[in-house]
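Here is the structure we will look at, set down as structure tokens.
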Amino acid sequence: MNLYRSPMPAAADAPVERLNAEPVNSAQVRKPLYEKRKKIFPKRAEGRFRQFKWLVMAITLGIYYLTPWIRWDRGPHAPDQAVLIDLASRRFYVFFIEIWPQEFFFVAGLLVMAGFGLFLVTSAVGRAWCGYTCPQTVWVGLFLVVERFIEGDRNARMKLDAAPWTLSKLRKRVTKHVIWLAIAVATGGAWIFYFADAPALLSSFLHFDAPPVAYITVAILTFTTYTLGGLLREQVCTYMCPWPRIQAAMLDENSLVVTYNDWRGEPRGRHAKKAAAAGAVQGDCVDCNACVAVCPMGIDIRDGLQMECITCALCIDACDSVMDKVGHERGLISYATLADYSANMALATDNGTKPIDPRRVRKPEGGFSSAVKHFDWRVIFRGRTLLYFTVWALVGLGLIYGLLARDRLELNVLHDRNPQFVVESDGAVRNGYQIKLLNMIPEPRVIRVSIEGLPEATMKMMGQEGEARVFLIPVQPDKVTNARIFVTLPKAAIGIAADGFSLVAEDEASHERDVYKARFNIPEVVQ
């Protein structure tokens, strides 16, 4: 796949505005950690990556805010909220899936999948998570939309920030922060709806009847969203987030990252025709600083790959628009691999023996030389990414198999400890057991509890008449039903007690069953 356009008519001296934008942190000169923050006023970018970010923002915010309001019919005995973390009942509902506490390994499996998915994406396309889907990125983008709408684009915001306080400035700042707080409150409010029935909780919340923990949670998330998304912004990614320091281990020479292709951009200059007339070498970069002005992290991508870069690709959109104006091919800043960049740099520098000369990467009649490396999508399918994808897929398939194969009936048995057995007047020995039947479906059903083994033994259940080897126990939907049983073994059959027996719980309608291997205790004298 070629990321560059075909050559356009030369217009290298077309007027291009040079923006007064300096990076807040340079790859050559690192600022002190505790230096006072320099405000960043990102300029609005236009282009395909900006449009993709709009799409991702709409999808992610829509999922977050709307999911608690989606209904899912599970019958009359279960909640109808599609996604619900029911802490009181210790349930986790996700559409048709219901997770019980003892099945938390499903959640652990999802976390493992998320981790390997992040490794896979980073290995293939760099910090795409940071640039498009990270909550910090999404909410900062939303806050910037509000800021631009109220205060204007970059120059207007810079002018307003430097201006003395007036009623107009106060009105704009108050309006902006009030809207930010409203977004932050909505963020915290949406979160609590995942833990209770959303309509009922909203009503009680507005009438101040909700549990105190709901108000505390909203207050904490309001504070963190407003502070991290509105006030700290890029500082969270630079100083608080560990991923910029970890992601380097996930990258290799074939990972796609946002790259300034200085093999065609250097030396920079604004007057190509004058440079050509003077016999000077000049690259495609017109040093307009557009890439710096649009960067939400306030860095200059021309300094090379940096820890602060979240690969949002807005600098690509800004640079492409400038290349269109001056008549050069797009892709001066582009997604590129280190392998392709190094090969093209070797071509432009004659294997590193000479300064960059962009003429070495072009044909005499214009256009790029056939030796120039362009991105090939097949490089994504390499050993590392295939390994990550394989692990990710295997974990996912394991979770799916576990969901499809799991039983919704569980039997737990606890042997009486005091006394461990009772010797009856006729010499028979009786053991007591506490059983728990867990019905993990939202429907009532009748469970058949029986004994397997010890053919002479009989069972008596408290609350039911007579002795037998089989009892029917009605169980409630999504409930644990407790029962107490006594197993009696005649004196003549005590010799086979060491074999033990099994308690079997079975739903004859669905053929689900669970078996518990039980021990039968007898006096040591008899043994």
If you count heavy atoms of other groups shown closer than 6.0 angstrom to [atom1] of [X], is the number above 12?
X      : atom1 : result
Trp392 : CH2   : no
Lys479 : NZ    : no
Phe95  : CZ    : yes
Lys436 : NZ    : no

State whether the side chain of [X] and the backbone N or O of [Y] hold a donor-acceptor pair below 3.5 Å, judged by distance alone.
X      : Y      : result
Tyr194 : Thr67  : no
Thr122 : Arg127 : no
Ser204 : Leu201 : yes
Arg382 : Val379 : yes
Thr175 : Arg173 : no

Close aromatic pair by centroid cut-off 6.0 Å: Phe106 and Phe92 | no

Pairing donors with acceptors under 3.5 angstrom, does anything connect the side chains of [X] and [Y]?
X      : Y      : answer
Glu452 : Ser502 : no
Thr227 : Arg233 : no
Arg445 : Asn439 : yes
Thr187 : Tyr65  : yes

Answer yes or no on whether Arg91 is positioned over the face of Trp100, meaning its NZ or CZ is under 6.0 Å from the six-membered ring centre and within 45° of the axis.
-> yes

Between Arg430 and Phe486, is NZ or CZ placed under 6.0 angstrom from the six-membered ring centre and within 45° of the ring axis?
-> yes

Residue pairs passing the ring pair (Phe, Tyr, Trp, His ring centres under 6.0 Å) test with at least one member in residues 44-63, sequence neighbours excluded, are Phe49-Tyr335, Phe52-Tyr132

Would you list the pairs meeting ring pair (Phe, Tyr, Trp, His ring centres under 6.0 Å) in which at least one residue belongs to residues 424-468, sequence neighbours left out?
-> His415-Tyr433, Tyr433-Phe501

Do you know which two heavy atoms are closest between Pro490 and Glu456, and how far apart they sit?
-> CD-O, 3.3 Å

Here the gap from Asn482 atom CG to Ile435 atom CD1, rounded to the nearest 0.5 Å, amounts to 9.0 Å

